[in-house]
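Chain naming here is simple, since letters A, B, ... match the order of the sequence lines and numbering starts at 1 in each. Both backbone and side-chain heavy atoms feed into the values below; hydrogens, waters and symmetry mates do not.
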There are 2 protein chains.
Amino acid sequence: MKVNRRTQAERTAATRAALVAAGRTLFGNHGYAAVGTQSIVTEADVTRGALYHQFKDKQGLFAAVYDQVEQDITAEIATQVAEIGASDPLGALKAGSRVFLERATDPAVHQITLVDAPAVLGWSEWRARGEEFGFALIEGILQAAIAAGQIADQPVRPIAHVAIGALDESALYVAAAEDKAAATAEVLTVLDRIIDSFTI
Amino acid sequence: MKVNRRTQAERTAATRAALVAAGRTLFGNHGYAAVGTQSIVTEADVTRGALYHQFKDKQGLFAAVYDQVEQDITAEIATQVAEIGASDPLGALKAGSRVFLERATDPAVHQITLVDAPAVLGWSEWRARGEEFGFALIEGILQAAIAAGQIADQPVRPIAHVAIGALDESALYVAAAEDKAAATAEVLTVLDRIIDSFTI
DNA sequence: AGAACTTACGAACACTCTGTATGAAAGTTA
DNA sequence: TAACTTTCATACAGAGTGTTCGTAAGTTCT
């Protein structure tokens, strides 16, 4: 009986997971351009051969890392939003903003999702992938708010974009502030006020 | 008498201008990472030696390009804003937003100032340079609005950040839309509404 | 179980690109 | 015009990406 016998699917999953995890910490801490593929595979305890077998290129790995980070954050926000539920969509939006700000303050998170992603993936590709995550969430909440009669019936897409822009920049602002708590309070005041302004 | 005798200051100004101009078109059209220094100096009709004499490195050239683009846009917006003047600061803010959206729709402009700049310069450096341009403009307008009694006396810095974030993302949204006129109208509706929400 | 086949990986190579070093040319100062 | 500084051209070294090719591990078929 061989000890280390693993199925191909298991091997693939293991190396991909190791590479994505290594990429996440390294890209997050140093930025995409400053991290060489060699350091990634060293961290992941594999070789460059494995990387280029599992991913098309360095960008391909980065895309996988980005998806994973977005997945994590979106899931966390979604559960928070779900607790408030459909009863008060705009309240849920405020709560979701708070969670987003907390998570996106993590340097690794904002370096990957907000700073590097647009440049590495290209803006349209970045946004296309974002549709799947944060965008779907916000647009859903806005639709619910319309259904609940909290805001007027109007195109949600431009609102979602403006909201995402405001949230992203807010996260970066907080992340760069010395007194993060104070900065968080400041921008949340502004964001809440804007959200309220849409109320019928 | 030598025909091409130029002073050192003239030589420096000429090659720097040529390099910045070449970088502006090439970075704008293809993105920072996709443009090699060789293609830049070829376009500028100088050699790599001149580039590395005039600028510390590729990032240094990019920073100069970024500054020039910001300078141009900010100047244009400032004149628009000045026409409306201090009589109606919030009106001026709306007008400035329109000009910004028009100019930032230019692919080269948004590629440089919104997509590449944060990743290449780093977010904090990006924002530090932005202080000088768009930020100063918006904060000035907000201060004027407070002085004119249009909005409540409050910290303008977080508002400026949220506003910049909303504007930047709006510009990218418009730039990516097929029907730019319609997209512009959509986001301006949202932006105007938000601006109005701050009115006392 | 063993042979034929596919998938995953390791090591070495080729190529591109950035930044530097060194020397020449142009301009400045005395 | 001679000494000096600035600007630029060329050649070189080093780092890093992506590819190629061979080997090992796993799968399928009989």
For this session: For the pair B:R48 and B:D57, evaluate salt bridge (charged side-chain N to carboxylate O under 4.0 Å, His left out) and give the outcome as yes or no after the intermediate values.
Result: CA-CA 10 Å; B:R48 281 167 33 84; B:D57 52 17; over 6 Å; no

Exercise. Looking at side-chain heavy atoms only, is the closest gap between A:L51 and A:T15 below 4.5 Å?
Worked result: no

For this session: Measure the acute angle between the ring planes of A:H161 and A:W123, then classify it against the limits of 30° and 60° as parallel, tilted or perpendicular.
Result: tilted

Seminar exercise, completed: Whole-Å distance, A:D57 CG to D:dG16 P, equals 17 Å

For this session: Applying ring-ring contact (aromatic ring centres under 6.0 Å, His included), name anything that partners B:H110, two or more places apart in sequence or on another chain.
Result: none

Seminar exercise, completed: Tested for salt bridge (charged side-chain N to carboxylate O under 4.0 Å, His left out) against A:R129, the lone hit among A:E131, A:E132, A:E125 is A:E125

Seminar exercise, completed: Per the under-4.0 Å heavy-atom filter, residues of residues 28-35 of chain A near DNA chain D come out as A:V35

Problem set entry | Rounded distance (Å) that lies between atom P of D:dT7 and atom CD of B:E10 | 13 Å

Exercise. Rounding to a whole Å, what distance do you find between B:Q38:CD and D:dT10:P?
Worked result: 10 Å

Problem set entry | N-O pairing of A:D67 and A:R16 below 4.0 Å | no

Exercise. Looking at A:T37, does any N or O in its side chain come under 4.0 Å of the phosphate oxygens OP1/OP2 on D:dG18?
Worked result: no

For this session: Inspect the contact between B:D196 and B:K94 and indicate whether a charged nitrogen and a carboxylate oxygen are less than 4.0 angstrom apart.
Result: yes

Exercise. For B:I164 and B:G134, which heavy atoms make the closest approach, and how far apart are they?
Worked result: CD1-C, 4.4 Å

For this session: Name every residue in residues 11-20 of chain A that has at least one heavy atom under 4.0 Å from any atom of DNA chain C, in order of residue number, or write none if there are no such residues.
Result: A:R11, A:T12, A:T15

Exercise. With sequence neighbours left out, what residues match A:F27 under ring-ring contact (aromatic ring centres under 6.0 Å, His included)?
Worked result: A:Y32, A:F62

For this session: Can you run down the side chain to side chain donor-acceptor pair (under 3.5 Å) pairs that involve residues 175-187 of chain A, sequence neighbours left out, and say none if there aren't any?
Result: A:Y173-A:E186

For this session: Could you identify which residues of residues 40-56 of chain A place a heavy atom less than 4.0 Å from some atom of DNA chain D, listed by residue number, or say none?
Result: A:R48, A:Y52

